[in-house]
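Inspection log for the structure reproduced underneath, given as structure tokens.
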Amino acid sequence: MDLQHLFRPDLKDLTAYQVNAVSHQIKLDANESPFDLPDPIRQQISDTISKLSFHHYPDTTADQLRGTLARYLNVPEDWLVIGNGSDELLAYLAQIFGRQKAAVLFPTPTFSMYRIFAQTAGIPTIGLPLNDSFDLNASLWQQTLDRQQRNLVFFAYPNNPTGNLYDAGVVGDILSRRDTLVVMDEAYYEFSGQTFLEQFTDHKNLVITRTFSKAYGLASLRCGYLVAHPDLINEINKIRLPYNLNQFTQICATIALQHRDLIASAVAAILRGREQIYESLGKIDGIHPFPTEANFVLFRTQKPADLVHTSLIDQGILIRHFGASGPLANCLRVTIGTDSQNQRFLPAIRQALR
Ligand SMILES: Cc1ncc(COP(=O)(O)O)c(C=O)c1O
């Protein structure tokens with residue numbers, strides 16, 4: 001029996017999220033932290049877990065974690081919602097957004113999930129090309145936003161995979177529009193130190209999302225948070241799955257937040273590695289690295305990038321490849337690793353270019 005006629009035709013061409021299952025010794029393809037949890041955090045988690053009861057549902061509003069986050073961010077608790085990864089929260093934004101005469105807009109290239117979240121919510125998407133410096137074209141944005149009655153805009157800040165921050169003035173002008181909800185996805189905030197958090201006083205239509213998957217080294221747990229005006233939080237809570245965040249994750253994220261000094265040392269080490277990788281790549285003939293504010297570096301190779309990518313895999317190193325055409329033609333993205341991983345990556349990339 002053919003089941004296709006039972007399903008939504010507009011989802012027919014979507015494909016499931018693919019993860020590269022290539023075997024490797026060093027994984028630098030997914031912008032994860034190269035550092036596993038520091039011992040004091042691990043110890044406190046073990047002690048807490050040993051007293052945990054597993055037979056009750058978790059706290060549906062993750063109050064302890066929200067309270068800890070609220071104090072850290074200096075925002076009221078009712079401005080926060082926690083998700084199973086920031087992905088979950090970004091998807092909810094597309095789901096609560098009005099559909100009449102609406103569009104979801106994002107720059108291209110950017111994080112691929114924005115398009116998918118909009119498509120699954122049934123809202124038309126518009127990808128607006130970034131300029132040669134991977135920044136926003138202000139007039140193109142304003143003209144395109146004028147065409148709809150309501151716009152949902154996703155800005156990764158810094159952007160993935162280009163690594164840069166957009167011109168804050170251009171973003172500010174978009175934020176000043178009454179017809180537009182602006183999502184600043186600050187998944188890499190801890191590496192850039194730049195945030196729109198202070199802009200809430202002037203802009204009720206601002207949404208900020210962040211994650212524990214990158215700087216905090218908790219990608220396996222799936223935990224992210226969203227900050228917005230309580231009117232928007234209330235809409236999300238209407239559709240949020242009950243118990244979306246398991247108790248183990250709530251506890252681990254709360255404990256990690258209490259040890260921000262340890263997380264800050266990991267971030268500092270990553271920033272030192274970033275400097276070194278960026279500078280070293282810039283000195284290699286046939287490579288052009290792009291400036292970055294995140295925990296990864298995008299670079300273009302003169303040699304076809306698929307050959308460089310394959311040679312690195314043969315040498316046990318997995319990085320991210322973006323295909324042969326479009327604005328990221330011959331581009332590769334490497335996540336900053338530990339010192340020893342970075343020291344293995346640099347000779348390997350030189351070898352791959354031969
Ligand atoms: C820009 C951006 N936003 C969101 C995410 C998803 O983060 P999470 O693990 O919190 O779902 C990623 C993951 O790579 C990302 O690059």
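Just so you know, ligand 1 is whichever comes first in the structure, and atom 1 is the first atom listed for that ligand. All of these numbers come straight from a predicted model, not from anything done at the bench. Values below: all heavy atoms of this structure, side chains included; hydrogens, waters and symmetry mates excluded.
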Who gets closest to atom 14 (O) of ligand 1 by heavy atom: E88, K214, E32?
-> K214
Is it true that R42 and D36 make a salt bridge, defined as a side-chain N closer than 4.0 Å to a carboxylate O?
-> yes
Please work out whether the ring planes of F191 and Y188 are parallel, tilted or perpendicular, with thresholds of 30° and 60°.
-> tilted
Of all protein heavy atoms, the one nearest atom 7 (O) of ligand 1 is S86 OG, 3.2 Å
Per-atom filter on ligand 1: closer than 4.0 angstrom to a heavy atom of G85 are 10 (O), 11 (O)
Which of the atoms of ligand 1 are close to T211, meaning less than 4.0 Å from one of its heavy atoms?
-> 8 (P), 9 (O), 10 (O)
R177 bridged to D146 by N-O distance under 4.0 Å | yes
Any heavy atom of G224 sitting closer than 4.0 Å to ligand 1?
-> no
Closest protein heavy atom (residue, atom, distance) for atom 5 (C) of ligand 1 = F111 CZ, 3.4 Å
Is D29 salt-bridged to R333, going by a charged N under 4.0 Å from an acidic O?
-> no
Do R210 and T195 meet the criterion of a side-chain donor-acceptor pair at a distance under 3.5 Å?
-> yes
For Q302 and H288, what are the C-alpha separation, side-chain angles and deciding distance, and is it a side chain to side chain donor-acceptor pair (under 3.5 Å)?
-> CA-CA 8 Å; Q302 246 165 40; H288 175 77; over 6 Å; no
Numbered in order shown, the ligand 1 atoms found under 4.0 Å of a heavy atom of S213 are 8 (P), 9 (O), 10 (O)
Just distances here: any N/O of Y188 and N/O of ligand 1 closer than 3.5 Å?
-> yes
Do K238 and E235 sit within salt-bridge range, that is, some charged N less than 4.0 Å from a carboxylate O?
-> yes
By number and element, which atoms of ligand 1 are closer than 4.0 Å to a non-hydrogen atom of A187?
-> 2 (C), 3 (N)
Can you tell which of N31, N84, D185 gets a heavy atom nearest to atom 2 (C) of ligand 1?
-> D185
Would you check whether R222 has a nitrogen or oxygen atom less than 3.5 angstrom from a nitrogen or oxygen atom of ligand 1?
-> yes
For atom 6 (C) of ligand 1, what is the nearest protein heavy atom, given as residue, atom name and distance?
-> D87 OD1, 3.3 Å
Y57 vs Y243 aromatic rings, parallel, tilted or perpendicular, using cut-offs 30° and 60°?
-> parallel
